[in-house]
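Just so we're on the same page: letters track the sequence lines, and every chain starts at 1.
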There are 2 protein chains.
Amino acid sequence: MEICITSLLREKGFKVTPQRLAIYNMLASTHSHPNAEMIFNELQAMYPTMSLATVYKTMEILKEIGLVKILNAGEDSFRYDADTSDHPHVRCMECGQVEDVDNIDSVDFVKQVAQGTNYKLVNQQFYFYGICPSCQRKELN
Amino acid sequence: MEICITSLLREKGFKVTPQRLAIYNMLASTHSHPNAEMIFNELQAMYPTMSLATVYKTMEILKEIGLVKILNAGEDSFRYDADTSDHPHVRCMECGQVEDVDNIDSVDFVKQVAQGTNYKLVNQQFYFYGICPSCQRKELN
DNA sequence: CTATGTGCAAAATGTTTGCAGACGA
DNA sequence: TCGTCTGCAAACATTTTGCACATAG
C-alpha cells in the first residue's frame with residue numbers, strides 16, 4: 001500500500017514526501033471520513049510543522065492520481081475517503097458522523113440513470129441522511 | 001402555488017414578504033438549480049435593494065417549511081431546488097451545469113441501503129457526474 | 001543542482017451574524 | 001403597535017494563493 005502511493009506519485013511526476021505519505025496513511029487507516037482540519041490536527045503530534053495548506057494541496061494530488069475521493073455530505077467542509085470504491089455514505093443528522101454503506105449493488109440503479117440521461121457518465125455519489133443507532137438510543141431518554 | 005407558499009409561511013409563523021415571494025418564485029420557475037449568488041443577481045433588476053443575506057435567510061426558511069431542497073453537488077457553494085421530489089441530479093464536469101434526472105425509480109436501491117444500515121433514514125441525495133450532450137459535441141472539435 | 005514541495009501568512013470565497021431602521025399582521 | 005424582517009457591514013469558516021526556504025531526485 002505504501003508502495004502503491006509511492007510508485008503512483010513518482011509515475012505521475014509528483015515527489016514522494018513524508019507529509020504526503022503521512023497524510024495518505026492517516027486517511028487510509030480510518031473510516032471516519034475526516035475533513036482537512038481533522039487530518040491536520042491528527043498529524044500535528046507527529047509532524048509539528050505540518051500545515052493545513054499542505055493537507056489541501058496533497059488531497060488535490062491524491063484525488064488526481066485516484067487514491068482518494070472527496071465527499072460533500074452537505075456540510076461546510078469537504079471530507080476525504082481513501083476507499084475509492086463506489087459506495088454510498090450515510091450521515092447522522094444528530095452527531096454528524098459519516099459512515100460507509102457497504103455491500104450495496106448499485107448497478108441497476110446506475111444503469112437506469114445512464115439510460116435516462118444523455119450525459120457521458122463517469123462517476124456518482126450517493127448520500128443518505130438519518131439518525132445513527134447510537135443517537136437513536138440517546139433520543140429515547 | 002403562490003397561495004401555497006403564502007399559506008405555508010403564515011402557518012409556520014413566518015411573515016409573507018415581497019422578497020420571500022420573489023426568491024421562491026424565481027427558484028420555482030427555473031430548472032437551473034442556481035446558487036445564492038445567481039438568485040441574487042437575477043433579482044437585482046427587479047429588487048435593487050435585495051441583499052445576499054436575505055437570500056440565504058430565506059432559503060433556510062424555505063428549507064424548513066419543505067419548499068426547497070439544498071443541493072451539494074461537489075462545488076464550493078450550495079445550490080437550491082424548488083422541486084422537492086426525490087430525484088437524482090447530474091452535473092457536467094465541463095460546463096458545471098446541474099440538471100435533474102427524471103423518471104427514476106430508486107425505491108429498490110433505497111430499500112437495499114435501508115437494510116444495509118442501522119440508521120433511521122429520512123432522506124437521500126444522488127449525484128452523477130459526467131459530460132453533458134452539448135459539451136460532448138464541443139469535445140469533438 | 002534543479003524543480004518541486006512545504007509552511008507561513010495573506011487573500012479569496014461563501015455563508016452567517018448583529019443591528020438599526022422598515023414593514024407585515 | 002409589536003414583533004419579525006431587511007439590508008448593510010462586519011464576522012466567520014473554509015479553501016486557495018504567493019512566496020521564501022527546504023528538500024527529493
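- Partners of Met38(A) according to the side-chain contact (heavy atoms from CB on, under 4.5 Å) rule, which considers only residues two or more places apart in sequence or in another chain, are Pro34(A), Asn35(A), Arg79(A).
- There is no side-chain donor-acceptor pair under 3.5 Å between Asp105(A) and Gln112(B).
- Counting 5' to 3', DNA chain C first comes under 4.0 angstrom of a heavy atom of chain B and last does so at the ends given by dG14(C) to dA25(C).
- By the side-chain contact (heavy atoms from CB on, under 4.5 Å) test, Thr84(B) is found to be paired with Lys69(B), residues two or more places apart in sequence or in another chain being considered.
- Remark: Lys63(A) engages Glu60(A) in a salt bridge (Lys or Arg N to Asp or Glu O under 4.0 Å) (not counting sequence neighbours).
- Side-chain contact between Tyr24(A) and Thr58(A) is absent, with no heavy atoms from C-beta onward closer than 4.5 Å.
- With sequence neighbours left out, His89(B) forms a ring pair (Phe, Tyr, Trp, His ring centres under 6.0 Å) with His33(B), His87(B).
- Under the side-chain contact (heavy atoms from CB on, under 4.5 Å) criterion, Ile61(B) pairs with Leu9(B), Phe14(B), Arg20(B), not counting sequence neighbours.
- Among the candidates Val98(B), Asn72(B), Val101(B), Val90(B), the single residue satisfying the side-chain contact (heavy atoms from CB on, under 4.5 Å) test with Tyr127(B) is Asn72(B).
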> Where along nucleotides 11-18 of chain D does protein come under 4.0 Å, by heavy atom, of base (B) or sugar-phosphate alone (S), with - for untouched nucleotides?
Replying inline: ---SBBBB

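- Taking Phe78(A) as the reference, nothing meets the ring pair (Phe, Tyr, Trp, His ring centres under 6.0 Å) condition, with sequence neighbours excluded.
- For the helix from dC1(C)-dG25(D) to dA25(C)-dT1(D), the end axes, each set by the C1' atoms of five terminal pairs, are bent relative to each other by 40° (nearest 10°).
- Within residues 11-18 of chain B, the residues having any heavy atom closer than 4.0 Å to DNA chain D are, in order of number, Phe14(B), Lys15(B), Thr17(B).
- With sequence neighbours left out, Tyr129(A) forms a ring pair (Phe, Tyr, Trp, His ring centres under 6.0 Å) with no residue at all.
- One finds no side-chain N or O of Arg20(A) lying less than 4.0 angstrom from the OP1 or OP2 phosphate oxygen of dA24(D).
- By the 30° and 60° cut-offs, the orientation of the rings of Phe128(B) relative to Phe126(A) is perpendicular.
- Note: CD (Gln19(A)) to P (dT23(D)) measures 9 Å, nearest angstrom.
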Which side-chain N or O atoms in residues 113-122 of chain B pair as donor and acceptor under 3.5 Å with protein atoms at least two apart or in another chain?
from: Thr117(B); atom 1: OG1; to: Tyr119(B); atom 2: N; distance (Å): 3.1
from: Tyr119(B); atom 1: OH; to: Gln97(A); atom 2: NE2; distance (Å): 3.4
from: Tyr119(B); atom 1: OH; to: Glu99(A); atom 2: OE2; distance (Å): 2.6

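- Applying the 4.0 Å criterion to OP1 and OP2 of dG7(D), one finds that Thr49(B) has a side-chain N or O inside that range.
- With rounding to the nearest 0.5 angstrom, the CD atom of Glu64(B) is 12.0 Å from the CG atom of Leu8(B).
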